[in-house]
Enquirer: 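This is the structure, below, for whatever I ask next.
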Amino acid sequence: CVAHWNAPVEKTLAPLKNAVSTGLEYGDIEHACYSAMYYCIYLFLRGKNLDDVRKECVYYYSMTQELRQQFQTVYIDIWHQCINNLTFITDNPLILYCDKARENALLTTLIEANNVSALYSFYLTKAILAIFFNMPKQALDMIQEAGNYKMGVASLYHEREYHIYESVIFYLNFQCMNNNIFDNIEDGGIVDGLINSQIAIDLLENNYQYFEKLSHTALDNNLCCMHLIDAMIKSINNDPDAWNALKGAMASAQNAGFIHITIIAFDLGIRYLYNLGQKDFATFYARKALDIIEAWGATAVGFDFVKRYPDCLNLNLDSSTTEQNNPILNADSTNYTHSLPNMRQSLANVNYSFDLASVLKASHAIAEERTLDTLLRKIMDIINQNSGSQRGILLLKKGDELTIEAQSGVVQGNIHDIGYPESVVNYVQNTLSPLMLNMPSAKREFATDAYISRVNPQSLLALPIVYKGKLIGILY
């Protein structure tokens, strides 16, 4: 848990995973579950692919839950929900579980139990989400709340994350306030509702010194943070070397493999170029950043990123005014258009937004129907209409088997005879990850599937339905 002070954080992962097995072998359940908890957190903060991290979170969440280690179970779940929100598109990416009531119930439980370290993770993860979804004002609120509980994670690796996110959040809020983006904020460390340049620079310099001290013994973990903070200081001071510092931050973060820091550095670089009017350069870096986001597996972040830089990424949103297309002036906005043509060819056939008509249809179906079979068929029809798909199947788990419960888009024939691509369903069942394919017959791992060979679908999407970390069904 503390090896990161003297070694790259990468080197903590294998020992933590081994400690889980050792603890279970010798009956030290608490030690095993703590090791699992830190392994999941460090895996995410190391910048590993989000799909891989989510699988590990699901596995260890189930393990700690079965072993009745509530503290570690809750801790893993908080970070797991953060990863889910980075990956899956929701109406409000700041709300864990996509359920405000459930999030509030968790927060109440943590406060009543005075669970300081879990409260720190709760607010830090929400600050992280706010940054990735371009909500600096909410991020400021969350990082200041996290600061109240920081002592609960002193000496642990995720305590260091507070300092880099605090730096980015204060910098972005200074930039927004400097451009009169949103109303004044009144809170600790902010004078007269404003983060002026001196407040921002003082905080950034303190955090730079923090990372500089850490770098004496663990340079690999901290160099990119030093470069990024240095770039922000130079930007505030209008130093002409700010762009070189930003490039250094991008390169050092990418070389070290800290994908989340890399994306933030690219975003700040794009903003910097955008404000200088260098759209061609901004476009070049925006496209590189989107590739990195996709490789990380942060689909929801990618969609938001495209909406943030529509003209850089050749997308036409509803408005064409400078203010509405400017990523700085668009900060803290959540009312985006749902029309996002050609973000990426791999995502082109999926519409993640349910319009009001679809929601009303679903609510009417639920209200009117009393027979489960009929209700499921109606909801499947609504899903098909909204997604533009020709056929849909709902598979629910009964024991160890997945069985067809409902489907739409078939006019005749027995639904059990028509079937579905078993290789696709098996993939989703084993990974708990969504799978979307264009021309699946051209994919080597799926080309031999009997259904795909027979039907030759042009595209397909399979989504896991997960409840409390366990698969209960698949929507195909």
Side-chain angles (χ1 to χ4, degrees), residues 1-67 69 71-84 86-87 117-118 120-121 124-125 128 152-165 211 214-225 252-263 292 295-298 430-433 469:
C1 293
V2 295
H4 57 85
W5 294 114
N6 298 302
V9 69
E10 178 75 29
K11 294 187 176 180
T12 68
L13 300 177
L16 282 170
K17 196 167 187 177
N18 291 337
V20 178
S21 301
T22 303
L24 294 176
E25 181 181 354
Y26 289 97
D28 190 347
I29 301 302
E30 186 176 18
H31 173 81
C33 291
Y34 269 108
S35 298
M37 179 183 86
Y38 291 125
Y39 172 71
C40 291
I41 298 169
Y42 290 11
L43 201 63
F44 169 64
L45 296 177
R46 176 64 187 89
K48 298 296 185 180
N49 178 270
L50 292 183
D51 286 337
D52 295 335
V53 181
R54 186 171 60 255
K55 293 171 198 172
E56 296 287 67
C57 286
V58 169
Y59 176 79
Y60 287 113
Y61 174 89
S62 297
M63 184 194 83
T64 56
Q65 188 178 46
E66 288 174 8
L67 294 172
Q69 298 295 306
F71 177 87
Q72 296 93 326
T73 302
V74 170
Y75 220 100
I76 292 172
D77 195 33
I78 290 171
W79 289 91
H80 180 208
Q81 295 305 318
C82 175
I83 294 165
N84 282 344
L86 292 170
T87 306
S117 57
Y120 169 80
S121 284
L124 177 63
T125 54
I128 291 172
V153 294
S155 84
L156 297 172
Y157 184 73
H158 52 309
E159 187 266 340
R160 132 198 202 287
E161 294 294 300
Y162 171 87
H163 295 275
I164 188 60
Y165 280 101
F211 285 108
L214 294 181
S215 70
H216 294 321
T217 55
L219 184 64
D220 289 345
N221 294 339
N222 301 291
L223 180 62
C224 62
C225 296
S252 58
Q254 198 163 13
N255 291 339
F258 294 112
I259 303 301
H260 56 308
I261 304 298
T262 303
I263 294 167
I292 296 168
W296 192 33
N430 292 331
T431 64
L432 298 184
S433 300

Enquirer: Test: salt bridge (Lys or Arg N to Asp or Glu O under 4.0 Å). Region: residues 40-50. Which pairs qualify, not counting sequence neighbours?
Expert: Glu10-Arg46, Glu10-Lys48

Enquirer: Looking at SG of Cys225 and CG of Leu214, how far apart are the two atoms once the value is rounded to the nearest 0.5 Å?
Expert: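 Spacing of SG (Cys225) from CG (Leu214) equals 9.0 Å.
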
Enquirer: Roughly how far, to the nearest 0.5 Å, is the CZ atom of Arg54 from the CZ atom of Phe44?
Expert: 12.0 Å

Enquirer: Can you tell me which residue pairs pass the salt bridge (Lys or Arg N to Asp or Glu O under 4.0 Å) test with a partner in residues 13-42, sequence neighbours excluded?
Expert: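 The answer is Lys17-Glu56.
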
Enquirer: As an exercise, state the distance from CG of Leu124 to CG of Leu45, rounded to the nearest 0.5 Å.
Expert: 8.0 Å

Enquirer: Which residues satisfy the side-chain contact (heavy atoms from CB on, under 4.5 Å) test with Cys57, sequence neighbours excluded?
Expert: Cys40, Val53, Ile76, His80, Ile83

Enquirer: Checking Phe71 now: which residues fulfil side-chain contact (heavy atoms from CB on, under 4.5 Å) with it, not counting sequence neighbours?
Expert: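 Tyr34, Met37, Tyr75, Asn115, Ser117.
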
Enquirer: Compare every heavy atom of Ser252 with every heavy atom of Cys224, then report the nearest pair and how far apart it is.
Expert: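 That closest heavy-atom pairing would be CA-OG, 3.3 Å.
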
Enquirer: Could you pull out the closest heavy-atom pair between Val20 and Ala36, with the gap in Å?
Expert: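 Looks like CG2-N, 3.5 Å.
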
Enquirer: Considering only heavy atoms from C-beta outward, does the side chain of Tyr39 approach that of Thr12 to under 4.5 Å?
Expert: no

Enquirer: Looking only at atom types and distance, does a side-chain atom of Arg160 sit under 3.5 Å from a main-chain N or O of Asn221, one as donor and one as acceptor?
Expert: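 Between the backbone of Asn221 and the side chain of Arg160 there is a qualifying donor-acceptor contact (under 3.5 Å).
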
Enquirer: To the nearest 0.5 Å, tell me how far Ile78 CD1 sits from Thr125 OG1.
Expert: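 OG1 of Thr125 is found 6.5 Å from CD1 of Ile78.
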
Enquirer: Between His158 and Trp79, does the side chain to side chain contact (heavy atoms under 4.5 Å, CB included) criterion hold? Intermediate values first, please.
Expert: CA-CA 11 Å; His158 52 309; Trp79 289 91; 4.2 Å; yes

Enquirer: Please enumerate all residues that pass side-chain contact (heavy atoms from CB on, under 4.5 Å) together with Gln65, with sequence neighbours excluded.
Expert: Tyr61, Thr73

Enquirer: Does any part of the side chain of Ile29, heavy atoms only, come nearer than 4.5 Å to the side chain of Gln69, both counted from C-beta?
Expert: yes

Enquirer: In Å, rounded to the nearest 0.5 Å, how long is the span from CD of Gln72 to OH of Tyr60?
Expert: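 Separation between the atoms: 13.5 Å.
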
Enquirer: Could you pull out all residues at least two apart from Leu219 that satisfy side-chain contact (heavy atoms from CB on, under 4.5 Å)?
Expert: Ser215, Leu223

Enquirer: With a 3.5 Å cut-off and sequence neighbours excluded, list the donor-acceptor pairs that the side chains of residues 254-263 form with protein atoms.
Expert:
unit_1 : atom_1 : unit_2 : atom_2 : d
Asn255 : ND2    : Ala251 : O      : 3.1
His260 : NE2    : Glu161 : OE1    : 3.3
Thr262 : OG1    : Ala253 : O      : 3.3
Thr262 : OG1    : Gln254 : N      : 3.2
Thr262 : OG1    : Phe258 : O      : 2.8

Enquirer: List in chain and number order the residues that pass ring pair (Phe, Tyr, Trp, His ring centres under 6.0 Å) with Phe211, two or more places apart in sequence or in another chain; answer none if no residue qualifies.
Expert: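 Phe211 satisfies ring pair (Phe, Tyr, Trp, His ring centres under 6.0 Å) with no residue once adjacent residues are dropped.
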
Enquirer: How far apart are the closest heavy atoms of Lys55 and Ser433, and which atoms are they?
Expert: CE-OG, 3.6 Å

Enquirer: Apply side chain to side chain contact (heavy atoms under 4.5 Å, CB included) to the pair Trp296 and Leu86, showing each step before the final yes or no.
Expert: CA-CA 10 Å; Trp296 192 33; Leu86 292 170; 3.9 Å; yes

Enquirer: What's the shortest heavy-atom distance between Ile128 and Cys82, and which atoms?
Expert: CG2-SG, 4.5 Å

Enquirer: The criterion is side chain to side chain donor-acceptor pair (under 3.5 Å); which residues satisfy it with Asn49, sequence neighbours excluded?
Expert: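 Partners of Asn49 under the side chain to side chain donor-acceptor pair (under 3.5 Å) test: none.
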
Enquirer: Would you call Leu24 and Met63 a side-chain contact if the rule is heavy atoms closer than 4.5 Å?
Expert: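 Yes; the side chains approach each other to less than 4.5 Å.
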
